[in-house]
Amino acid sequence: MSRAQANGFQQEYVRALENYLQAGGESALSNAYELGRRAISEGLGVLDMARLHGTALEELVLSAPAADQARFGRAAAEIFKELLSLFEMSFRGYREANAELQRLNETLRQQKEQLELANRELEAFSYSASHDLRNPLGGIEGLSRFLLDHSADALDDRGKKCLELIGESAQHMRQLIDDLMSLSRVNRSELHRVDVDLSAIADGILARLRDAAPGRIGKFEVQRGMHANADHNLLAVVLENLLGNAWKYSAKRECAEITFGCEERHGNVTYFVRDNGAGFDMAYAGKLFIAFQRLHAASDFEGSGIGLNIVQRIVRRHSGHVWAEGRMDSGATFYFTLGGEENP
């Protein structure tokens, strides 16, 4: 409020008090209430109003005849009380809102603790169950191999086929268990941020992919000088999954084309892995990062459907985001960001 506005407000308050001292009545009290409402809307506080009231007292009460000062003082107190009634209601509303906010914060804190406890218990169960299942599963695999190796003559073709299916199912189950244990380790491991050379990690992964499939032709492009402040081991898992998927889903191309780079989007460093593979229908993009959800048949592309969920969890642990764009039979691009980053 400017000095001119303050002087005008002061004069209005003096007039309101003078009217009440002279005539009393509800009309003068209503004027005081209206002044209080305006004071709040214009940003005046209780101390400001006290100063205005003090000035009005000096002008109207202390200068009055001694015989009237006591009566005027009581009347001035009444109008000042009416003036402050809106401030009191505002303070009461603030206290109630603050108490409600504290209650809601405490409820959220308790729910967060319960959720964290449930997640820890679920992760512990997942790890324990996965670990405990490995031994009986190994027994199933071993017995099926033993029967095929030593009792094949006693089995007809249907029996041999059944044993082969048992062995394949056991291997698939083992892969699922390994993936569950990997998922549990991602959630349980501590985050150690260091300077990570993403370009060098990608080079190593792509070289291993090429060596593992010498008959395939691939064109790889990795942007130079990409660094991130992140957990080295976890970022290696992210790139192993994304680059491995790009290599896997481009297996039916005469020449697989895979690009790993980064760009700036909305002020954030955004990394991407692009391929010319099978792609996917964007209508089902929401299922990509759900554990064990697959958009392609297992007979077309192997895998358990856990890799992208692991990628998402690692990226989220870095306060980042991951998403994908693609078209059926036209390749896909996976993007991710990492929190707390500077431009490379």
Could you tell me the separation between the [atom1] atom of [X] and the [atom2] atom of [Y], rounded to the nearest 0.5 Å?
{"X": "R313", "Y": "H318", "atom1": "CZ", "atom2": "NE2", "value": "15.5 Å"}
{"X": "T270", "Y": "F336", "atom1": "OG1", "atom2": "CZ", "value": "9.5 Å"}
{"X": "L108", "Y": "R103", "atom1": "CG", "atom2": "CZ", "value": "9.5 Å"}
{"X": "N276", "Y": "K252", "atom1": "CG", "atom2": "NZ", "value": "14.0 Å"}
{"X": "F260", "Y": "I201", "atom1": "CZ", "atom2": "CD1", "value": "8.5 Å"}
{"X": "L191", "Y": "R193", "atom1": "CG", "atom2": "CZ", "value": "5.5 Å"}

- Message: Between V194 and N229, is the side chain to side chain contact (heavy atoms under 4.5 Å, CB included) condition met? List the steps.
- Response: CA-CA 5 Å; V194 295; N229 180 23; 5.7 Å; no

- Backbone N or O of W247 within a donor-acceptor pair of the S250 side chain at under 3.5 Å? yes

- Message: Keeping S144 on the side-chain end and L163 on the backbone end, is there a donor-acceptor pair under 3.5 Å?
- Response: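 Checked: no pair found.
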
Is [Y] close to [X] at the side-chain level, that is, under 4.5 Å between some pair of heavy atoms?
{"X": "V222", "Y": "L206", "answer": "yes"}
{"X": "L242", "Y": "L308", "answer": "yes"}
{"X": "Y271", "Y": "V238", "answer": "no"}
{"X": "V273", "Y": "T333", "answer": "no"}
{"X": "E325", "Y": "R274", "answer": "no"}

- Message: If the condition is salt bridge (Lys or Arg N to Asp or Glu O under 4.0 Å), which residues does R265 pass it with, not counting sequence neighbours?
- Response: E263

- Message: Strictly below 4.0 Å, N to O, side chains only: are R224 and D197 in salt-bridge contact?
- Response: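 A salt bridge is absent here (no side-chain N lies under 4.0 Å from a carboxylate O).
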
- Query: Between F334 and F280, how do the two ring planes meet: parallel, tilted or perpendicular, split at 30° and 60°?
  - Reply: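 Aromatic pair F334/F280 classed tilted.
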
What pairs with [X] under side chain to side chain contact (heavy atoms under 4.5 Å, CB included), at least two apart in sequence or on another chain?
{"X": "E106", "result": "R109, Q110"}
{"X": "R210", "result": "F220"}
{"X": "D329", "result": "R253"}

- Message: Could you check whether atom CG of D157 has more than 12 heavy atoms from other residues, nucleotides or ligands sitting under 6.0 Å from it?
- Response: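 No, CG of D157 has 12 or fewer neighbouring heavy atoms, counting only those of other groups under 6.0 Å.
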
- Query: Is it the case that one hydrophobic cluster holds both L165 and L143, taking links as side-chain heavy atoms less than 4.5 Å apart, direct or via other members?
  - Reply: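 Cluster IDs for L165 and L143 differ.
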
Give the table of side-chain donor-acceptor pairs shorter than 3.5 Å for residues 230-237, with sequence neighbours excluded, one pair per line with atom names and distance.
| unit_1 | atom_1 | unit_2 | atom_2 | d |
| --- | --- | --- | --- | --- |
| D231 | OD1 | N233 | N | 3.1 |
| D231 | OD1 | L234 | N | 3.0 |
| D231 | OD2 | H192 | N | 2.9 |

- Item | Residues forming a side-chain hydrogen bond (donor to acceptor under 3.5 Å, both in side chains) with E221, sequence neighbours excluded | none

- Which is it for V269 and T337 under the side chain to side chain contact (heavy atoms under 4.5 Å, CB included) test, yes or no, and what are the steps along the way? CA-CA 6 Å; V269 181; T337 62; over 6 Å; no

